[in-house]
Amino acid sequence: MSGVPEVRAFIRSRRPTPASWLDRYTALFGLAIGAAVLAQPASSMLATIARQADPSRMGAGVALVALVYAGLLAVARTVGPVAVPASDAAWLVLSPLDRRGVLGRTARLLLVISVLAGTVLGVGLLAVLGAPDQLAVRLVAAVVLGVSAAAGGMALAVLSQSSQTWDSWLHVALVAITVLAGVAALSASGPGRRILPSVASAPVTLGAALAGVAAVASALLVRRAWSSLARIPARSLLAASTRAGHVAGAAVGMDPGALTWIAEDNHWRGRALRSRPWPPLPAPLALAWQDWRRLGRRPGRLAALLGAAALPSLAAQAAGGVTAITVGALLAGALAAAVAGTSGARRDGDNPSLARLLGVDARAALAARALLPALLSAVWLSLALTGLVLAGTLAEGPWWLFGLSAAPALAAAGLRMARRNPVDHAMPIIETPVGTVPTGPMVWGLTGVDLAALGCLPLALALAAQPSALGGFLAAQALAGVVVLSSYLLRAAKGR
Amino acid sequence: MPTPIITVRDVGVDLGGNPVLRDVGLTAVPGEIVAVIGANGAGKSTLLRCLAGLQSPASGELDVLGGPPRDDSAFWRDVVLVGDEPAWYPGLTVREHLELMRAVHTPPRLEVDAALGLFDLERRADASPLTLSTGQRQRLSLANALLRPSRLLLLDEPERGLDSTFRQHLATILREYATAGGTVIMATHDLRLAEATLARQIVLTDGHAADGRSGNEHMADGHPRSGHPGDGHPGNGRPRDEHPENGHPRDEHPGDRA
């Protein structure tokens, strides 16, 4: 029987255009150019690290780094992380070939991803904590710590794919990191406000020792994960590969919307539900009730959404004030909250069969479906703005009222985003000095965001100006919200 | 004779430059079941899409319920289309999908429990439609379609995924719908289903329509009789040129509309 290398060589030899020397040269040249471009910002960033960090920003910074790490692990757990291309899944996994040999390439790719992500995490952590002395040693220790954490986490995710026990451990680790992030964020104002500065000013040898221990623990986990590859069950691989195949298909077809449906459908397939009577509402509201019920059945998602309202204040604290990033995080978060309540509009936009069967008037249905996104974005934005006031990054004032007044515009933006057409690849490609810009994906990406930006302009201006009296901005925001939603409803229903 | 609620005259459809339907005709009156049969690619689904207002014909006349079909809520209050599997609303169970339909269409044709029983879905009432088998999902589609009141039922291969027992049961359900005054137009590959519903059969071949036998009628030669494509009723139109070997009408000028 042939081994994996022979099979791979056979597949390679049948490809229409094998990689030529020119392809390899182009790839290497691209990497060299990338390194040259990144060298300047990287060196200037390293220069900014070599200082005593501001203790008041440390908590928020550490919390953000921890949340990014938790996000990395959560993504790895959701994706697989061990997945193979659809053709390999069909022909090589379900075959007598050595499984570790088939999965070796994926394992190496995961290791590279872990090293890159770990380096970024390590440097990020050092940037937050600062390096008052011995920059080189601290940098090496931080990178080793970051890479160990990322590689160890990835190994844990690989192990969890073949064992329920390891999956439980990964779940515990995710919860622990998220709690740690919360504690770090709160530490700036609590009795533990001296902990992080004392960690930052700890002797270099302690950091190096910690990095060494982490590296050993991580190496043990990686070794164990490598040996578990041979026993990884085919069903888990096939499921992960199908997901990865959908992801790749969606990426090639530039239809990121498909990804959320895959996640959504997977969630409901695994859930045991219990029917409840439908409330006696008029037809459009009865139709819109579907989104309320769906959200009520995902309290964890709702809690995560509301918890994310703390992110703008964390970003503002880490940056030392309200910046463009804070405003962007506010608007993006509020829009995401609105979009969380628009699954019905999205589903009917993608496949109108059920909407036709229901036969509800399009405008009335859309108006009824605007209620939940408006409520969600209002609550989210009010919480986030209150958080900014409490953190001291915004002046005292009724900022939370912006949540209510911007909600209609955000609901319209959320519905517009939910009902947008797939990417139009027939749209022209514009040549610019920095490269070609495909307008199809760009227009797709901006559909919905445009209404949010337009409808929340008074709020953005108020955040930039931070006036002492908010009345005028609030009135302008309320007007903008109502105008944007009503014109959207009028236009959208006509266009159907 | 009752007034037809569907009148299709000389309808032609081109998709991507290829003629899919040519000079197709069809009429249907309240209480009638019409089965459109034909090979894959014969144009059955396209004809249904035309009747539902989802496809504009390149030529000919279409009249559904007193006017040209249009894709709006007033039209969909009277017309039901069951084609490819719909996208189910996330987070709702089988029963809740039916309850949503019942909440929107008051009073309903069937109560939710009756629909669950009729379509043999009681035991899966609390399941997400995503966890059902293909046949069960098709039964849920049909249950949703028949729970609500309507005047016209357009079914594209309603037998898809259904076992033979349920297909017979479906024939009874459709006959009852027609007896109550509803009209059914279904595209199907299942001649037994067409016969069990006592449907008038229209055979589509290469985009042309011809009348076949009706459900309780048997022809000695096994070939469908040819009729005028403009009215779809057997025996009341002028005979068309018929291919001697396969019994299907031929296009006298095949290149004319290509």
Side chain to side chain, A:R276 and B:T93, heavy atoms closer than 4.5 Å: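 Not touching, per the 4.5 Å side-chain cut-off.
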Side-chain heavy-atom pair A:P277, B:E99 within 4.5 angstrom cut-off: yes
A:R274 portion near chain B, given a 4.5 angstrom heavy-atom threshold: both
A:P282, part contacting chain B, at a heavy-atom distance under 4.5 Å: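 The answer is neither part of A:P282.
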Residue of the set A:R297, A:Q290, A:R293, A:R298 for which side-chain contact (heavy atoms from CB on, under 4.5 Å) holds with B:P90: A:Q290
Using a cut-off of under 4.5 Å for heavy-atom pairs, which of [options] has the most such pairs with chain A?
| options | value |
| --- | --- |
| B:S150, B:P86, B:A52 | B:P86 |
| B:H97, B:E85, B:R102, B:R148 | B:R148 |
| B:V82, B:L92, B:T131 | B:L92 |

Separation of B:W88 CH2 from A:N351 CG (nearest 0.5 Å): 10.0 Å
Rounded distance (nearest 0.5 Å) linking atom CG of B:L100 with atom CH2 of A:W289: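 Result: 12.5 Å between the selected atoms.
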Which residues share a side-chain contact (heavy atoms from CB on, under 4.5 Å) with B:D72, sequence neighbours left out: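 Here the qualifying residues are B:R70, B:A74, B:F75.
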Nearest heavy-atom neighbours spanning [X] and [Y]:
| X | Y | result |
| --- | --- | --- |
| A:L358 | B:M101 | CD2-SD, 3.6 Å |
| B:V104 | A:A286 | CG2-CB, 4.4 Å |
| A:G359 | B:R77 | O-NH1, 3.6 Å |

Residue B:A87 versus chain A: region with a heavy atom under 4.5 Å: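 Its backbone and side chain both get close to chain A.
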Under 3.5 Å donor-acceptor, A:S353 side chain and B:D84 backbone: no
side-chain contact (heavy atoms from CB on, under 4.5 Å) evaluation trace for A:L273 with B:E96: CA-CA 11 Å; A:L273 297 170; B:E96 284 167 346; 5.8 Å; no
Side-chain donor-acceptor contact under 3.5 Å, B:Y89 with A:D348: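 There is such a pair between these side chains.
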Neighbour count above 12 (heavy atom, 6.0 Å) for A:H171 NE2: no
